[in-house]
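Below, all heavy atoms of this structure are taken into account, side chains as well, without hydrogens, waters or symmetry copies. Naming convention: chains lettered A, B, ... in sequence-line order (proteins, then strands); numbering from 1 in each chain.
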Protein chains: 2
Amino acid sequence: MLEKSWLVLDAFRPTGGPLRLIEVAERCQLPKTTAYRLLTDLTAIGAVERRERGYVLGRRLFELGSTVPLERDLRHAALPFMHDLYEATRETIHLGVRDGLDVVYVEKLRAHESLALPSRVGGRLPLNCTGVGKALLAYSSPDLIDEVLARPLRRLTAHSIVDAKRLEEAIGQIQAAGLAYEREEAQIGGACIAAPIFREGTVVAALSVSVPLSRFHPTRLAPAVKTAALGVSRALNRSTLR
Amino acid sequence: MLEKSWLVLDAFRPTGGPLRLIEVAERCQLPKTTAYRLLTDLTAIGAVERRERGYVLGRRLFELGSTVPLERDLRHAALPFMHDLYEATRETIHLGVRDGLDVVYVEKLRAHESLALPSRVGGRLPLNCTGVGKALLAYSSPDLIDEVLARPLRRLTAHSIVDAKRLEEAIGQIQAAGLAYEREEAQIGGACIAAPIFREGTVVAALSVSVPLSRFHPTRLAPAVKTAALGVSRALNRSTLR
DNA sequence: GAATGCGTTCCGTGACACGGAACCCGGACC
DNA sequence: GGTCCGGGTTCCGTGTCACGGAACGCATTC
């Protein structure tokens with residue numbers, strides 16, 4: 001029951017947006033009677049809402065999701081620095097954390113005329129395909145790095161690093177530079193510089209600047225990203241984040 | 001079962017954690033065996049996570065919450081304008097919607113040296129106590145205004161408007177000015193200017209600038225807030241928000 | 001070593017989740 | 001009008017699994 005209800009909620013991903021009863025039923029592989037009851041119950045709870053044409057995820061979910069401590073505290077600490085970085089660069093800024101073998105985006109400041117990146121707040125992408133992901137990976141435990149290298153690597157574009165050997169090299173370079181560079185690995189026409197954020201010596205997040213390839217000037221962007229990440233690390237360690 | 005599990009999740013508000021088993025049990029008025037099972041199940045799902053000392057809300061909740069369509073689309077439309085406003089003022093910016101008799105904050109850009117405001121993304125405050133809330137209220141249906149006026153008004157500070165008569169006056173002034181002013185009604189030492197955001201003729205949100213009283217210059221802030229809100233309204237009406 | 005407080009396991013009972021069947025309703029088609 | 005069709009809703013008998021009292025484990029405290 002509990003588990004099935006979350007199956008239903010997951011059926012709404014990634015759009016959150018309107019699904020008919022039937023669609024939910026078949027996405028979840030549930031008999032429509034059951035899907036109906038679950039949706040009705042979830043509606044009563046406020047976890048989903050009815051629209052003229054189907055169901056959408058509900059506000060109560062938004063409220064609860066916003067109070068998840070890790071993400072909330074991290075955002076709180078990072079946002080001012082992300083704004084600074086945005087002002088300095090006027091480009092799209094990302095903040096992400098690692099979850100399993102994915103990066104989950106926690107915050108995103110979108111530039112006015114930015115390209116359509118595959119990232120979304122609350123969305124996940126493979127670690128090896130994005131700047132934030134690679135920065136997180138390069139400073140993760142050797143065990144995790146090994147696990148990622150051992151598995152087949154997913155790709156987002158033709159430029160995504162899907163060769164374990166090349167990824168290992170890239171990780172070495174990131175560790176040496178303290179920054180992760182990414183060119184068209186997540187989105188054709190886009191590039192990115194990312195820097196890790198530490199708390200008590202371990203990576204907890206990473207932030208990045210994403211720019212159209214035509215405006216990609218590493219020497220200008222790199223110091224800004226680095227100081228921003230450093231600022232967040234300091235803010236985190238100062239506060240009593242749990 | 002389903003309902004009880006959401007009772008448990010709500011027990012974590014407003015902080016999101018960490019709570020001990022016992023605390024959850026008594027907040028929910030559930031026998032501890034039941035609370036234990038629910039927490040265990042929810043942990044398996046990813047909706048809560050274990051920490052050394054108790055349980056916290058889990059990342060899966062954050063991910064799901066981020067995909068709730070209404071809030072996501074509103075944020076998407078509003079963020080660029082909020083950034084503009086932030087740059088122009090370098091003060092804390094809020095975006096909120098109404099839910100029942102509360103304002104729910106959807107986005108918040110925090111200035112570096114801002115005072116500790118009671119607002120949180122995903123948090124709720126009484127409509128009558130904040131700039132965003134008053135702006136939303138003043139442009140709501142007469143029925144809703146009457147309902148708010150009829151009920152006992154909550155307060156956040158000694159300056160909060162808790163007298164129905166005075167609130168009605170304030171609403172009139174807001175409607176006349178197209179802006180809501182707020183001085184120390186939400187937080188001692190803080191003031192705020194808020195403006196409503198419309199979609200197809202009805203208020204759907206409001207945004208505000210919050211400043212320490214010492215820096216409160218209405219004549220400078222008011223036009224900036226107004227243009228930002230107007231910009232968001234226009235962006236909303238242009239897009240096919242559902 | 002008794003007591004206390006919290007977390008965990010066990011287990012018998014009964015409520016209620018489950019889902020097949022049947023029904024309703026509006027629209028499309030003839 | 002009649003018929004069909006696809007989605008949504010209601011009904012209800014069956015069997016399961018959620019429920020929660022009891023009892024135990026295990027620190028910590030006095």
Note: contacts of residues 19-30 of chain B with DNA chain C (heavy atom, under 4.0 Å) are Arg20(B), Leu21(B), Ile22(B)
Fill in: Neighbours of DNA chain C within residues 34-49 of chain B, by heavy-atom distance under 4.0 Å
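Of all residues in residues 34-49 of chain B, the ones placing a heavy atom under 4.0 Å from DNA chain C are Tyr36(B).
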Between [X] ([atom1]) and [N] ([atom2]), how many Å, whole number?
{"X": "Leu7(B)", "N": "dG20(D)", "atom1": "CG", "atom2": "P", "value": "12 Å"}
{"X": "Leu2(A)", "N": "dC16(C)", "atom1": "CG", "atom2": "P", "value": "16 Å"}
{"X": "Glu3(B)", "N": "dA18(D)", "atom1": "CD", "atom2": "C1'", "value": "14 Å"}

- Task: Tell me yes or no: between the side chains of Arg120(B) and His76(A), is some donor less than 3.5 Å from an acceptor?
- Result: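 No, because no side-chain N or O of Arg120(B) sits under 3.5 Å from a partner of the opposite role on His76(A).
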Are side-chain N/O atoms of Lys108(B) and Ser119(B) paired as donor and acceptor at under 3.5 Å?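 Judged by distance alone, the side chains do pair up.
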- Task: Could you tell me whether the side chain of Lys32(B) has a donor or acceptor atom within less than 3.5 Å of a complementary atom in the base of dG20(D)?
- Result: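 Between dG20(D) and Lys32(B), which were checked side chain against base, a qualifying N/O pair under 3.5 Å is absent.
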Salt bridge check, Arg151(A) against Glu147(A): does any charged N sit closer than 4.0 Å to a carboxylate O?
yes
Review point. Counting distance only, does the side-chain N/O of Arg98(B) pair as donor-acceptor with the main-chain N or O of Gly100(B) below 3.5 Å?
Key: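 A pair under 3.5 Å: yes.
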Report yes or no: does Arg20(A) contribute a side-chain atom to a donor-acceptor pair with the main-chain N or O of Ile22(A) at less than 3.5 Å?
no
| query | So does Glu168(B) have more than 12 non-hydrogen atoms from other groups sitting under 6.0 Å from CD? | reply |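 No, not enclosed.
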Please report whether the ring centroid of Tyr55(A) lies less than 6.0 Å from that of Phe12(A).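 No, too far apart.
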Pair Ile45(B)-Glu3(A), side chain to side chain contact (heavy atoms under 4.5 Å, CB included): steps then yes or no: CA-CA 7 Å; Ile45(B) 300 288; Glu3(A) 195 184 340; 3.9 Å; yes
Closest to the side chain of Arg50(B), out of dG20(D), dT8(C), dC11(D), is dT8(C)
*What is the nucleic acid contact for Lys4(A), judged by heavy atoms within less than 4.0 Å: base, sugar-phosphate only, or nothing?*
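If one applies the 4.0 Å heavy-atom cut-off, Lys4(A) turns out to touch the sugar-phosphate alone, with no base involved.
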